[in-house]
J.: 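Quick one: the structure is below, questions incoming.
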Amino acid sequence: MSRQTRTQQTSDFDDVDAAVANPNRTVLELDDVSKDYGHEVAVENLSLGVKDGELLTLLGPSGCGKTTTLRMIAGLERPSDGQISIADEVIADGSSFRKPEERNVGIVFQDYALFPHLTVAENIAFGLTEMEEDAVAERVDELLELVDLSAHHDKMPSQLSGGQQQRVALARSLAPEPDVLLLDEPFSNLDVRLRVEMREEVRKILKRAGVTAISVTHDQEEALSISDRVAIMNDGTIAQIGDPAEVFENPESRFVASFLGQASFLSARVTNDRIETGLGSFNVELLNGPVEAYNGAMVDVLVRPDDLQAMPTNESKADGYVVHRQYNGPSFVYRVELHSGDVVHCMHNHVETFEPGQPVEVDLVADHDLAWYPTE
Ligand code: ATP
């Protein structure tokens with residue numbers, strides 16, 4: 001995309017997404033990429049494509065290969081196998097490898113890595129070595145406006161808050177108009193309140209800039225809230241990729257279900273058009289997808305805390321009893337052990353206080369289909 005087009009976008013768009021040059025064009029492509037360190041396989045046959053202007057987040061537990069994937073895209077690691085292309089050019093494969101400075105890739109590091117002895121404007125201008133002085137000044141002003149820091153042009157990084165420093169780092173990485181921007185745990189240095197605020201802010205900035213971006217995190221809430229698509233990684237591979245609602249509501253495996261939010265599994269026997277569970281009998285249509293092939297068999301039904309409500313009752317009517325109460329401020333999450341042996345979680349308003357040991361009836365209040373998995 002030309003600088004001219006980007007400049008127009010920054011001034012024309014506020015909360016709306018920028019119209020990217022070609023939203024169907026794949027800007028970054030990883031094809032069967034692997035990376036091993038001796039016997040340690042960090043990434044295994046990973047393939048993915050990121051479209052122009054898209055924000056994809058790699059999400060997964062510690063050691064699943066997120067950082068290694070990011071470092072291979074940046075050129076800081078060489079793949080052991082497979083091919084990486086950016087803007088239709090191969091930048092790494094079995095026979096070729098472009099160094100980081102030969103790739104048009106921007107990186108925002110966890111600690112922002114701002115130059116402490118340079119002003120905000122000088123930090124942003126740092127990578128613009130091939131532009132005329134006037135053009136640099138214009139580009140810096142444009143970026144300061146984009147990240148809403150025009151008033152801080154001459155300040156030193158130490159005079160800025162954490163959130164402001166992050167916006168400078170973002171502006172500096174966007175300045176040379178990278179084909180792809182990489183964000184390595186971009187919110188990990190911020191306190192919880194600022195983190196939530198900056199998620200929205202960073203997404204807005206990336207969208208206004210129209211840049212193609214990959215972010216890495218192990219924070220599922222962050223991934224779900226900022227991304228166009230999320231790739232959940234496990235053991236060096238992608239367990240599932242899709243838009244945030246799709247992966248959260250229809251996790252394809254127990255791993256994905258458990259990684260994205262609190263998950264409990266209700267054991268259920270499928271009997272024709274019913275399922276029999278520790279909470280009673282339900283129409284089989286409660287489950288998403290066809291289940292006929294499992295008639296007579298046991299399946300595990302995914303239930304999240306907001307799908308269930310516990311009601312205090314007496315022993316004879318109870319489905320189980322409260323074994324733990326977790327206070328989250330606005331809500332309580334009760335862990336309930338059912339007589340069937342399943343353990344489930346129920347989310348309640350902060351004023352609904354039950355004591356551990358309380359016998360409860362548990363109601364399934366979900367107003368959506370439930371994901372399920374064949375019992376292993
Ligand atoms: P985290 O969230 O903790 O940063 P991650 O998902 O980013 O984890 P990676 O840093 O990509 O995971 O590591 C993936 C695997 O590769 C891990 O088992 C790690 O120990 C291993 N690994 C990463 N870098 C190296 C290295 N330079 N030498 C040897 N093993 C490495």
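Both ligands and their constituent atoms are indexed starting at 1 by order of listing. Note that the coordinates shown come from a computational prediction; the quantities given were computed from them, not determined experimentally.
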J.: Using a 4.0 Å heavy-atom cut-off, which part of Lys66 comes near ligand 1: side chain, backbone, both, or neither?
T.: both
J.: Polar-atom distance check: Glu40 versus ligand 1, any N or O pair below 3.5 Å?
T.: yes
J.: Tell me, which protein residue and heavy-atom name are nearest atom 27 (N) of ligand 1, and how many Å apart are they?
T.: Tyr37 CE2, 3.5 Å
J.: Please confirm whether Ala42 comes within less than 3.5 Å of ligand 1 when only nitrogen or oxygen atoms on both sides are compared.
T.: no
J.: Between His350 and Tyr327, does the ring centroid distance fall short of 6.0 Å?
T.: no
J.: Please state whether Gly236 comes within less than 4.0 angstrom of ligand 1, counting heavy atoms only.
T.: no
J.: May I ask whether Gly60 has any heavy atom positioned less than 4.0 angstrom from an atom of ligand 1?
T.: no
J.: Counting non-hydrogen protein atoms only, what is the nearest one to atom 13 (O) of ligand 1? Give residue, atom name and distance.
T.: Thr68 OG1, 3.7 Å
J.: Leu302 versus Trp372: any side-chain heavy-atom pair under 4.5 Å?
T.: no
J.: Tell me whether the count of non-hydrogen atoms from other residues, nucleotides or ligands lying under 6.0 Å of CG in Asp235 goes above 12.
T.: no
J.: Please identify each residue that fulfils ring pair (Phe, Tyr, Trp, His ring centres under 6.0 Å) with Phe115, with sequence neighbours left out.
T.: Phe126
J.: Would you kindly say whether Asn328 and Gln326 are connected by a side-chain donor-acceptor distance under 3.5 Å?
T.: yes
J.: Check whether any side-chain heavy atom of Leu266 sits under 4.5 Å from a side-chain heavy atom of Asp300, and report yes or no.
T.: no
J.: Is atom 18 (O) of ligand 1 near the protein, in the sense that some protein heavy atom lies at less than 4.0 Å from it?
T.: yes
J.: Would you verify whether the NZ or CZ of Arg103 falls within 45 degrees of the ring axis of Phe97 while also being under 6.0 Å from that six-membered ring's centre?
T.: yes
J.: For atom 7 (O) of ligand 1, which candidate among Thr67, Asn234, Leu70, Val41 holds the nearest heavy atom?
T.: Thr67
J.: Suppose I only count heavy atoms of Ser62 and a 4.0 Å limit; which atoms of ligand 1 are within that range?
T.: 1 (P), 2 (O), 3 (O), 8 (O)
J.: Could you work out, with side-chain contact (heavy atoms from CB on, under 4.5 Å) as the rule, every residue matching Ala297, not counting sequence neighbours?
T.: Tyr294
J.: On a heavy-atom basis, I'd like to know which of Gly63, Pro61, Ser188 is closest to atom 5 (P) of ligand 1.
T.: Gly63
